[in-house]
Amino acid sequence: MELSRKPIHYTQEGKRTFDQFYLDEEYNVPDAKEDVQQVIQGSGTVKIEDIKLVENYIRISGKLYFQILYVTATGDPQPAVLEGKIPFEEMVYTDGGELETYFIQNIRVEFTAALVHSRKLSLRAMIEMEIGREKLEDEETTVDVDSSVPIYKKMKNVNLLELNTTKRDTYRIKEEVTLPGTKESIGQLLLTDVSGRKLEIRLGQDEIQLKGELLIFCMYQSEDGKTDWLEQSVPYEGRVECSGAEEGMYYYIHNSLDDTLVDVRMDEDGEMRVLGIEGTLNLRMNIYQEEEMELLEDLYSLEQKCNYETRDAVYEELLVQNYSKCKVSERLSLPELKDDVLQICHSDGSVQVEHMELTEDGIQIEGILHISFLYLKADDEVPFGCWQGIMPFSYLLECPGMRPDVRYNISYHVEQLSVNLAGSEAIEVKAVLAFDTFMRSPVHMQVITDAELVPISIEEVEKRPGIVGYIVKDGDELWSLAKKYMTTVEGIKEVNSLESDSIKPGDKLLIFKEGMSII
């Protein structure tokens with residue numbers, strides 16, 4: 001007897017870890033910069049440079065890049081910016097092994113800068129991140145058996161999710177923005193912020209198609225020293241080679257935007273009115289194909305005894321792949337800003353997920369939307385201010401029939417955010433939070449690893465009952481009864497005039513040993 005096997009290539013995910021740590025640094029203002037009178041706003045972004053397993057710990061190293069907008073302590077106070085980076089190394093305990101690949105996603109930073117004195121600042125950052133791990137597995141599953149004697153086989157139809165391609169790649173974004181005619185030419189860049197929005201990903205033949213937007217904010221001083229700013233969405237699209245990818249495949253692609261750069265360029269008239277925008281889109285791609293398969297689940301023979309060995313195996317089938325959105329809207333009363341805000345210049349937000357719970361209807365997500373906005377003040381000494389706050393949200397990521405053993409990947413970000421004045425003491429916040437979800441349901445199997453036929457003794461054959469009257473119990477099925485009493489499913493159906501394989505507890509069946517006939 002010979003087993004037919006088929007290789008299965010898949011990823012096995014380990015438990016995700018959530019880590020939070022703090023950075024505290026004192027920062028000396030460079031000699032080339034003016035004294036600091038007041039800090040207006042600080043922001044920080046994290047770039048992970050290396051992830052390495054060291055004994056039972058994951059060593060995560062990278063840099064925190066920061067920008068600080070401040071007002072100079074000069075006779076004529078002006079807005080200015082300090083920029084820098086803080087290296088860090090974080091050790092996170094893990095019970096994983098060397099064969100696993102570790103990755104970081106859903107990074108969030110809370111950054112503050114406080115004035116010590118005019119030449120020194122105290123910097124503090126809270127960084128939280130999700131650490132995932134996965135391991136590539138290759139194993140064989142049994143799909144059929146060949147034998148010299150008749151074998152009755154029980155097959156299980158499954159749609160297994162098989163890993164087709166896993167890779168990391170980057171796409172370099174290069175775009176340009178021209179200042180509107182109402183804006184003055186740029187003398188000096190002050191504050192820049194580039195963030196990703198509305199990224200659509202599609203699979204093509206041997207490629208990944210990207211289409212998205214960058215939200216650009218740029219504060220600058222004109223050639224005559226006037227402070228102005230520009231906020232604009234810049235569309236982009238491109239392709240990344242991915243051998244083996246095809247339309248109709250499934251995927252989970254995590255993306256992050258790094259190494260953003262804004263520089264000033266001349267237009268056709270030789271004026272500094274063009275902004276060059278660059279950024280690197282990092283892509284971690286797992287691409288799957290769904291294959292309909294028949295797996296060999298059980299077997300027996302009426303002529304010989306069939307002995308076989310099994311092992312436990314857990315495969316996966318696709319449950320949900322979607323990109324869903326949660327709308328958050330609220331009017332916030334801010335009496336502390338009464339008559340202080342002339343205009344909102346720029347707003348920013350980040351998502352903090354506090355709790356995820358699997359329910360029958362899907363995944364219930366509870367979290368906080370962190371909001372900040374930069375605004376123009378009616379104060380010539382300190383013309384800008386910054387407000388920070390939070391908005392709680394609750395969202396059901398729908399998936400009817402959710403099981404408690406579902407495996408899922410979720411990445412999230414702010415896709416749209418608008419903060420508008422609603423009177424002298426209130427603002428109206430509207431946001432769209434995006435959740436990129438990939439859910440799989442485990443398929444538990446007993447894979448047959450070895451099988452052999454053993455002759456049956458005459459004594460054993462004679463001991464088998466020829467006719468059995470049987471009352472169906474909970475958990476019974478025709479296959480198990482046929483195997484137990486050495487007959488066939490079709491034989492039981494024929495004797496009992498059954499039109500289908502369905503039976504229920506309490507049904508009465510007459511079972512004849514195969515080869516006997518009703519007289």
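As the structure is a prediction and not an experimental result, all values here were calculated from the model.
Note: Y93 and Y57 have perpendicular aromatic rings, judged against thresholds of 30 and 60 degrees for the angle between ring planes.
Of the charged side-chain nitrogens involved, none lies within less than 4.0 Å of a carboxylate oxygen, so that D50 and K52 do not count as a salt-bridged pair. The existence of a salt bridge linking R311 and E139 is confirmed by a sub-4.0 Å separation between a basic side-chain nitrogen and an acidic carboxylate oxygen. With salt bridges taken as basic N to acidic carboxylate O contacts below 4.0 Å, none links K15 and D95.
With hydrogens and angles ignored, the 3.5 Å screen pairs a side-chain donor or acceptor of R331 with a backbone N or O of A422. The backbone N or O of P150 lies less than 3.5 Å from a partner atom in the side chain of S301, making a donor-acceptor pair. Without hydrogens or angle criteria, Y251 side chain to Q321 main chain gives no donor-acceptor distance under 3.5 Å. Judged by distance alone, the side chain of T449 and the main-chain N or O of E309 form a donor-acceptor pair under 3.5 Å.
For E2, the CD atom sits in a loose shell: 12 or fewer heavy atoms of surrounding residues, nucleotides or ligands are nearer than 6.0 Å. Residue-environment remark: NZ (K430) stays at or below the threshold of 12 foreign heavy atoms within 6.0 Å.
Screening residues 483-502 for ring-ring contact (aromatic ring centres under 6.0 Å, His included), with sequence neighbours left out, gives no hits. Pairs of residues two or more places apart, or lying in two chains, that qualify as ring-ring contact (aromatic ring centres under 6.0 Å, His included) and include a residue from residues 433-460 are Y288-F438, Y395-F435.
Listed by chain and residue number, E13, E130, Y408, N409 satisfy the side chain to side chain contact (heavy atoms under 4.5 Å, CB included) test with R16 (two or more places apart in sequence, or in another chain).
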